[in-house]
Every structure is written in C-alpha cells, then in structure tokens.
Asker: 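Sharing a structure, written as structure tokens. Questions coming.
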Amino acid sequence: YSKKAELLEDAITQMNAGKYGRSSAVLKELLALDPQNMEARRLFATLHLRFGSLLPARQAFEALANEALERQDYWLAESLLQEYLAAGPRCVPFIEKLGIVYQEKGDELAAVEEFGKAIDILLDDPDAENPSRPAQLYARIRDLAPASPPAFRLASYFDAQSGELLARPAAAHAELRDPSISPVEP
C-alpha cells in the first residue's frame, strides 16, 4: 500500500466528512509527491468548486478536460465538463467543449443541443471580444444536424444566406430560448 494511495484515500475521506481544509492539505502533499496524479488534481478541482472558488476550479477543470480530450478519453472529458457546469451552468467555453466531446463521440444531436445552449447564452449576454461566436456555433449546428430542433429553433436569428446573426429584440429571444437554461441572475 503506497504513500500516494494512502494520501488519496485520506483526502477523499476528509472531503466526504466536510473537512475541506484538511483535504486540501493532504491533496497538496500528494501533488508534491506526484504532480501529474489525475485523481488528486480532479479532487483539488472539485474542492475549489465546493469552496465556491469558480476561477481556480475553472482553470483546473479546463486543464484536466483538455488533457482528457488530447488522450481521446471522451468519457472523462464529459464527466469533468459536466461537473463544472453543474456549478457554473452559463460557462459558454465549457458548454461548447461539451458539444465537441459529444461530436467526437458521434452523438451529433447532443452536440447541437450544447451548441444551441451556448448560442442562447450568447444571445442573452453577448461576448464583446467575439461577437461572431453565435454565428460560428450556428454554422456548426447547420453542418452537423441541419434538421435538428436547435437548428430550427435558432434559424430566425441568423441570415439564411450568410449565416450572420440578425439584430433582434431581446424579449423575442426569451420566449424561444431553451427552457433548460436559466436567465442571468442579477
């Protein structure tokens, strides 16, 4: 029974008991011994979520999900992205990445659902740094599943020829958006 396994077990026990400070200390010790330990890194990311530290959690989950995608471990990537999205459901880059995971797994309909969720969020809260992102995501939807519910639901927001986003009143979008996405909280 190795020191690393003992530390990992202790960290899990401490986390499950709600002793996050102790769990964090044990995970730091384990990561000092084995900086690439995937389980310890994921637990540390989860610990950040439980603390409500979304930025460090996001960075940790993003690094882990990217590594999983590089290894083509789509199950792990999906699991990591969903864990973060449970705490930060309006994180467009993670929603988009989850769509890519589904696409890689061959589930085009699940992929376009995720891309549609990302568009809904971007229509409510545009990304000033990338205003063309909704059109890019809609093009992906049209390429993957042009007859899908998200393609039809979102079609009126995009020019049929160019695919560019059309100007539209925000109230109209609120009625048509995916009901599983909650609005921005004040």
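Sequence positions, counted from 1, serve as the residue numbers for this chain. This one's a predicted model, so the numbers in the text were calculated from it and none came from an experiment.
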Asker: Do L64 and L69 land in one hydrophobic cluster if side-chain heavy atoms of ILVMFWY residues count as linked below 4.5 Å?
Answerer: yes

Asker: Might you point out which heavy atoms bring A128 and P131 nearest each other, and give the distance in Å?
Answerer: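 So the minimum-distance heavy-atom pair works out to O-CD, 3.6 Å.
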
Asker: At what distance, to the nearest 0.5 angstrom, does CG of L123 lie from CG of L154?
Answerer: 7.0 Å

Asker: Residues in side chain to side chain contact (heavy atoms under 4.5 Å, CB included) with A57, at least two apart?
Answerer: H48, L49, F61, Y84

Asker: Kindly write out the residues that satisfy side chain to side chain contact (heavy atoms under 4.5 Å, CB included) with S79, not counting sequence neighbours, or none if the list is empty.
Answerer: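 Partners of S79 under the side chain to side chain contact (heavy atoms under 4.5 Å, CB included) test: R42.
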
Asker: Quick one: pull up CG in L122 and CZ in R90 and give me the separation to the nearest 0.5 Å.
Answerer: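 L122 atom CG to R90 atom CZ measures 9.0 Å (nearest 0.5 Å).
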
Asker: Can you name the residues that form a side chain to side chain contact (heavy atoms under 4.5 Å, CB included) with D73, not counting sequence neighbours?
Answerer: A68, R71, W75, L76

Asker: Can you tell me if S132 uses its side chain to pair, donor with acceptor, with the backbone of A135 under 3.5 Å?
Answerer: no

Asker: Restricting to salt bridge (Lys or Arg N to Asp or Glu O under 4.0 Å), what partner residues turn up for E108, sequence neighbours left out?
Answerer: none

Asker: According to ring-ring contact (aromatic ring centres under 6.0 Å, His included), does anything in residues 98-137 pair up with another residue at least two apart or in another chain? List the pairs.
Answerer: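 The answer is none; no pair qualifies.
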
Asker: side-chain contact (heavy atoms from CB on, under 4.5 Å) for L98 and L85? Distances and angles first, verdict last.
Answerer: CA-CA 10 Å; L98 185 57; L85 286 167; 4.0 Å; yes

Asker: May I ask you to decide if A151's main-chain N or O and Y138's side chain share a donor-acceptor pair within less than 3.5 Å?
Answerer: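 It does hold such a pair.
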
Asker: Quick check on the hydrophobic clustering: are L54 and Y20 connected, directly or via other members, by side-chain heavy-atom contacts under 4.5 Å?
Answerer: no

Asker: One pair to check against salt bridge (charged side-chain N to carboxylate O under 4.0 Å, His left out): K3 and D34. What are the steps and the verdict?
Answerer: CA-CA 11 Å; K3 173 78 171 164; D34 183 6; over 6 Å; no

Asker: Which pair of heavy atoms, one from L109 and one from S148, lies closest together, and at what distance?
Answerer: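 So the minimum-distance heavy-atom pair works out to CD2-CB, 3.9 Å.
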
Asker: Answer whether the closest heavy-atom distance between the side chains of L81 and V101 falls below 4.5 Å.
Answerer: yes

Asker: Assess whether atom CD of E39 is packed by more than 12 heavy atoms of other residues, nucleotides or ligands within 6.0 Å.
Answerer: no

Asker: Which pair of non-hydrogen atoms, one from A110 and one from D107, has the smallest distance, and what is that distance?
Answerer: N-OD1, 3.1 Å

Asker: E113 and P149: which non-hydrogen atoms are nearest, and at how many Å?
Answerer: OE2-CB, 4.4 Å

Asker: In the hydrophobic cluster built from side-chain contacts under 4.5 Å, what are the other members alongside F152?
Answerer: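 The other cluster members (ILVMFWY side chains, heavy atoms under 4.5 Å, direct or chained): none.
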
Asker: Enumerate, atom names and distances included, each donor-acceptor pair closer than 3.5 Å involving a side-chain atom of residues 21-32, sequence neighbours excluded.
Answerer:
from: R22; atom 1: NH2; to: D10; atom 2: OD2; distance (Å): 3.2
from: S23; atom 1: OG; to: A11; atom 2: O; distance (Å): 3.0

Asker: Once you round to the nearest 0.5 Å, how far does CG of L80 lie from CZ of F94?
Answerer: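 Interatomic distance, L80 CG to F94 CZ, rounded to 0.5 Å: 9.0 Å.
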
Asker: If every non-hydrogen atom of S2 is compared with every non-hydrogen atom of A5, which pair is closest and at what distance?
Answerer: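 Looks like OG-N, 3.1 Å.
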
Asker: Going by side-chain hydrogen bond (donor to acceptor under 3.5 Å, both in side chains), name the residues that satisfy it together with K105, two or more places apart in sequence or in a different chain.
Answerer: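 With neighbours one apart ignored, the set is E78.
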
Asker: Would you give the length of the straight line joining atom CD1 of I119 to atom CZ of F158, rounded to the nearest 0.5 angstrom?
Answerer: 4.5 Å

Asker: Not counting sequence neighbours, which residues clear side-chain hydrogen bond (donor to acceptor under 3.5 Å, both in side chains) with D159? List them please.
Answerer: S162

Asker: Quick one: NZ on K4 to CG on N37, what's the gap to the nearest 0.5 Å?
Answerer: 7.5 Å

Asker: Checking R50 now: which residues fulfil salt bridge (Lys or Arg N to Asp or Glu O under 4.0 Å) with it, not counting sequence neighbours?
Answerer: none

Asker: Apply side chain to side chain contact (heavy atoms under 4.5 Å, CB included) to P93 and list each qualifying residue two or more places apart in sequence or on a separate chain.
Answerer: R58, C91

Asker: How long is the span from the CG atom in L8 to the CG atom in L43, to the nearest 0.5 Å?
Answerer: 6.0 Å

Asker: Taking salt bridge (Lys or Arg N to Asp or Glu O under 4.0 Å) as the test, write out the residues that go with E62, two or more places apart.
Answerer: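 Applying salt bridge (Lys or Arg N to Asp or Glu O under 4.0 Å) to E62 gives none.
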
